[in-house]
Amino acid sequence: KYYNKWVALFATLQALFLMFLIDWKMALITAIVSALCYWYIEHRDVDVNWGTTVESKLYQKGCKIALKYQKLNTEHAKITRPTFLILLYADNADEVHLLYDLCQCLNYSEGLTFIGNVIEGDL
């Protein structure tokens with residue numbers, strides 16, 4: 001809406017003119033370094049698959065949602081509280097106690113921790 005390519009071209013040429021007017025040596029060095037950077041980026045052969053535009057939009061939408069929830073700083077259960085499942089079987093009772101303590105440290109005693117007893121055998 002507010003962009004005009006001719007005004008942008010005029011501003012670019014004006015900036016280049018002022019660069020050379022102020023210090024022509026530094027302006028020349030800057031122009032050469034800029035041209036070399038442009039040439040390097042243009043001519044390097046990188047085999048990169050950036051994905052489709054649909055994948056890009058999904059990634060961008062996911063990032064925006066994550067940043068929105070991060071800014072909210074809310075205590076909503078679906079956002080900040082992790083849920084853990086610890087499986088208990090015959091030989092690991094001591095390990096379950098240690099894992100339970102670890103889960104309590106990770107979720108600040110606010111998330112859910114399920115301990116499931118595994119029974120081997122036929123139904």
Side-chain angles (χ1 to χ4, degrees):
K1 182 176 177 179
Y2 297 107
Y3 175 76
N4 186 340
K5 62 181 178 181
W6 301 112
V7 174
L9 178 65
F10 175 72
T12 303
L13 293 175
Q14 186 180 15
L16 287 172
F17 175 74
L18 287 174
M19 280 175 54
F20 279 97
L21 187 65
I22 292 171
D23 188 2
W24 69 271
K25 293 177 187 175
M26 288 303 292
L28 186 63
I29 292 171
T30 303
I32 291 172
V33 169
S34 300
L36 288 174
C37 288
Y38 179 80
W39 180 81
Y40 172 72
I41 292 171
E42 190 69 28
H43 288 89
R44 66 183 179 156
D45 188 27
V46 179
D47 186 28
V48 177
N49 182 10
W50 293 102
T52 64
T53 56
V54 175
E55 292 170 344
S56 166
K57 287 302 257 185
L58 286 173
Y59 176 75
Q60 185 180 18
K61 186 176 180 180
C63 288
K64 282 184 179 180
I65 289 171
L67 287 173
K68 183 179 96 172
Y69 283 131
Q70 186 177 8
K71 287 179 185 176
L72 288 176
N73 196 15
T74 182
E75 293 294 329
H76 193 275
K78 290 183 179 179
I79 299 171
T80 59
R81 296 180 186 167
T83 303
F84 295 98
L85 171 64
I86 302 173
L87 297 176
L88 169 67
Y89 53 92
D91 300 328
N92 74 337
D94 295 331
E95 293 174 6
V96 167
H97 184 67
L98 294 173
L99 286 172
Y100 180 78
D101 291 339
L102 177 66
C103 291
Q104 293 303 310
C105 289
L106 289 176
N107 66 13
Y108 306 106
S109 299
E110 292 182 3
L112 295 174
T113 303
F114 294 101
I115 299 177
N117 191 4
V118 178
I119 301 172
E120 295 180 0
D122 295 330
L123 293 175

Going through the distances and angles, do Phe10 and Val7 end up as a side chain to side chain contact (heavy atoms under 4.5 Å, CB included)? CA-CA 5 Å; Phe10 175 72; Val7 174; 5.6 Å; no
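- Note that CD of Glu95 is 12.5 Å distant from CG of Leu102, once rounded to the nearest 0.5 Å.
- The line from CD1 of Ile86 to CG of Leu98 is 10.0 Å long, rounded to the nearest 0.5 Å.
- In this structure, Trp24 is a member of the same hydrophobic cluster as Ile32, with clusters built from ILVMFWY side-chain heavy atoms closer than 4.5 Å.
- In this structure, CG on Leu21 lies 11.5 Å from CE on Met19, to the nearest 0.5 angstrom.
- Leu9 and Phe17 fall into different hydrophobic clusters, defined by Ile, Leu, Val, Met, Phe, Trp and Tyr side-chain heavy atoms under 4.5 Å apart, directly or through other members.
- Note that the NZ atom of Lys25 and the CZ atom of Phe20 stand 13.5 Å from one another [nearest 0.5 Å].
- Linking ILVMFWY residues whenever their side-chain heavy atoms come closer than 4.5 Å, directly or via other members, leaves Ile41 and Val33 in distinct clusters.
- Hydrophobic clustering (side-chain heavy atoms under 4.5 Å, transitive across Ile, Leu, Val, Met, Phe, Trp, Tyr) keeps Met26 apart from Leu28.
- Environment of CG in Asp94: sparse, with no more than 12 heavy atoms of neighbouring residues, nucleotides or ligands closer than 6.0 Å.
- Within the 4.5 Å cutoff, side-chain heavy atoms of Leu85 are placed close to those of Leu87.
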